[in-house]
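Notes follow the structure.
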Number of protein chains: 2
Amino acid sequence: MTVADGRSFIEEGAPAHDFFVVTGGRVKLFTLLPDGRRQITGFAEGGDFLGLAASTSYAFGAEALGGATLCRFPHAGMQRLTERFPSLEHRLREEASRELALMQARMTLLGRKTARERVATFLMERCSHLERTDPSQPIELDLPMPRTDIADYLGLTIETVSRILSAFKKEKLISIRSITHITLLMPERISTIAEGME
Amino acid sequence: MTVADGRSFIEEGAPAHDFFVVTGGRVKLFTLLPDGRRQITGFAEGGDFLGLAASTSYAFGAEALGGATLCRFPHAGMQRLTERFPSLEHRLREEASRELALMQARMTLLGRKTARERVATFLMERCSHLERTDPSQPIELDLPMPRTDIADYLGLTIETVSRILSAFKKEKLISIRSITHITLLMPERISTIAEGME
DNA sequence: TACCAGACTTGATTCAGGTCAAGGTGATGG
DNA sequence: CCATCACCTTGACCTGAATCAAGTCTGGTA
């Protein structure tokens, strides 16, 4: 199943018939308020599960971010699978647990961190998607999502995100090679900011 | 297992050996930043599971709220149980899914709602713990947690929570019989505010 | 090479909610 | 019956981030 850039494939509140696994590209998950305010609850990429947070109807909408490929599993089929392979059920629970722990961290971010701390946390999160690197060396990052999405993920406005990235640049903590391509010059400092210790 | 009021029984970051089920009383779950800022990620009461968001170490701390009784299940024992009763594993996953959906709503609250909307949402959440009632009739609520906890749950300060409850009172949306005992005079109006539609 | 549209940045100003600082309240114990 | 203490409310003021309003950059098109 292929989804074009910006195309929505899960409607918030719609009856939930399927699980999805992201096989390629990227996806954003979000919830909306009636007046259009949006909270992006997560980004998913290759290997991530989608739809664990769905009982009878989806608790979130989902949209491709620059084109994505997915594997769709109807709930009924999943049920048959879990009956034959009980370890799958265990795997799904593990996945849900991992996700829960991530969400708790994100709640702390949204409820208690300053804008600076949020952006720093976001940058460090992006790092953790990379293969391990020496934390004292510069790290090159790709930010495939537009500023609007970063803002809606961090509970900020795009102006604030932009301003803080500019401030980090001025402080020589990062360099901005292009809109999507950022280098962390002092990953450890950024990590310190992210944890609220400065 | 009995825990006295205010007593902490899960240390954030400690190695996770056990699951818990709340059998009586109430419990608050939270994460801390190094400087003491606190985000309460949830309240749990009779029947709720604790520790789903734990892989090798706990992602949160937990503390009794006015005395609580718990049932402790070592992970090893759980594993034996799930092997004998595969449906338990399914049950746990369902529980985790339910929790995930709740957390997404809470992320929207923390990232995108105003203080008024947050407090209104909190009041409506408390309602949903009650047995069904006519939404056009006044609803009596008990708020067993201190204002500090409400504030840390909503990502606000206690002053703001207090001010907004006072404002709701002045607007005749609620009446405050005592610190812990509140009556929603116009549940539907409060629900409207909670959803950000006013 | 110049034009255009959409996305991003930057600046000026405003405001919701935080901070600081008094009071009030009500449960407990002497 | 009063003192005490912990918690809550209220008021005055401040500030971090939002809002409003121009610019600026980039990549695609002709």
Side-chain angles (χ1 to χ4, degrees), chain A residues 5-6 28 33 35-40 65-66 109-122 141-171 174-182 193 196 198, chain B residues 4-6 28 33 35-40 65-67 109-122 141-171 174-182 193 196 198:
Chain A
D5 185 20
K28 56 190 173 196
L33 290 175
D35 62 0
R37 276 174 286 173
R38 185 178 68 154
Q39 176 67 44
I40 292 190
L65 180 63
L109 177 138
L110 293 172
R112 287 301 181 214
K113 287 190 181 179
T114 65
R116 242 176 107 77
E117 289 161 4
R118 292 181 200 201
V119 174
T121 307
F122 174 73
L141 279 187
D142 223 53
L143 305 183
M145 62 291 285
R147 297 286 187 268
T148 314
D149 287 353
I150 299 178
D152 282 347
Y153 178 67
L154 298 177
L156 301 170
T157 59
I158 61 169
E159 292 95 328
T160 300
V161 171
S162 182
R163 268 187 256 274
I164 286 173
L165 287 174
S166 299
F168 283 170
K169 186 169 86 177
K170 199 177 299 175
E171 296 171 38
I174 66 174
S175 84
I176 304 178
R177 307 158 125 248
S178 82
I179 283 174
T180 60
H181 199 190
I182 283 182
I193 296 171
E198 88 138 18
Chain B
D5 185 19
K28 56 189 173 197
L33 290 175
D35 63 359
R37 276 173 287 172
R38 185 177 69 155
Q39 176 65 45
I40 292 190
L65 180 63
L109 177 137
L110 293 172
R112 288 300 181 215
K113 286 190 180 179
T114 66
R116 242 175 107 79
E117 289 161 5
R118 293 181 199 202
V119 174
T121 306
F122 174 73
L141 279 187
D142 224 52
L143 304 183
M145 65 289 287
R147 297 286 186 266
T148 314
D149 287 353
I150 300 177
D152 283 347
Y153 179 67
L154 298 177
L156 301 170
T157 59
I158 61 169
E159 291 95 331
T160 300
V161 171
S162 183
R163 268 187 257 274
I164 286 174
L165 287 175
S166 298
F168 283 170
K169 186 169 85 176
K170 200 176 299 175
E171 296 170 40
I174 65 175
S175 86
I176 303 179
R177 307 158 126 249
S178 82
I179 284 173
T180 60
H181 199 191
I182 284 181
I193 296 172
E198 90 139 14

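Letters go in sequence order (proteins before strands), and every chain restarts at 1. Just so it is clear, the model here is predicted, and its values are computed rather than measured.
Atom C1' of nucleotide C/dA7 and atom CD of A/E159 are separated by 12 Å, given to the nearest angstrom. Put simply, CZ on B/R147 is 16 Å from P on C/dG18, counting in whole angstrom units. The CE-P distance, from B/M145 to D/dA6, rounds to 22 Å in whole Å. When rounded to the nearest whole Å, the span between CZ of B/R37 and P of C/dG17 equals 18 Å. Atom CD1 of A/I182 is separated from atom P of C/dC8 by 11 Å (rounded to the nearest Å). Counting to the nearest Å, the C1' atom of D/dT10 and the CZ atom of B/R163 are 7 Å from each other. Taking atom CD1 on B/I158 and atom P on C/dG18, their separation rounds to 11 Å, with Å as the unit. Between B/I176 atom CD1 and D/dC8 atom P the separation is 12 Å, expressed in whole Å.
DNA chain D is contacted by both A/R177 and A/T160; A/T160 maps to the nucleotide lying nearer its 5′ end (nearest heavy atom per residue). Mapping A/S178 and A/K113 onto DNA chain D by nearest heavy atom places A/K113 at the nucleotide closer to the 5' end. Comparing B/A115 and A/T148, the nucleotide of DNA chain C nearest to each residue sits closer to the 5' end for A/T148.
Residue contacts shown for A/L165 are absent, as no nucleic acid heavy atom lies under 4.0 Å away. Residue A/S166 is classed as a sugar-phosphate contact, given heavy-atom separations below 4.0 Å to backbone atoms only.
Proximity of A/T148 to A/R38: side-chain heavy atoms (C-beta onward) are separated by under 4.5 Å at one or more points. Annotation: side chain of B/F168 is in contact with side chain of B/R116 (closest heavy-atom distance under 4.5 Å).
For the pair A/E159 and A/R147, the salt-bridge criterion is not met [side-chain N within less than 4.0 Å of a carboxylate O].
A donor-acceptor pair shorter than 3.5 Å cannot be found between the side chains of A/K169 and A/S175.
Side-chain proximity of A/L156 to the nucleotides C/dA12, D/dA17, C/dT9 is greatest for D/dA17. Checked against C/dT9, D/dC8, D/dC20, the side chain of B/P146 finds its nearest nucleotide in D/dC8.
Between C/dC8 and A/S162, no contact under 4.0 Å exists linking OP1 or OP2 to a side-chain N or O.
Listed for the A/R112 side chain is a donor-acceptor partner under 3.5 Å among the backbone atoms of B/L156.
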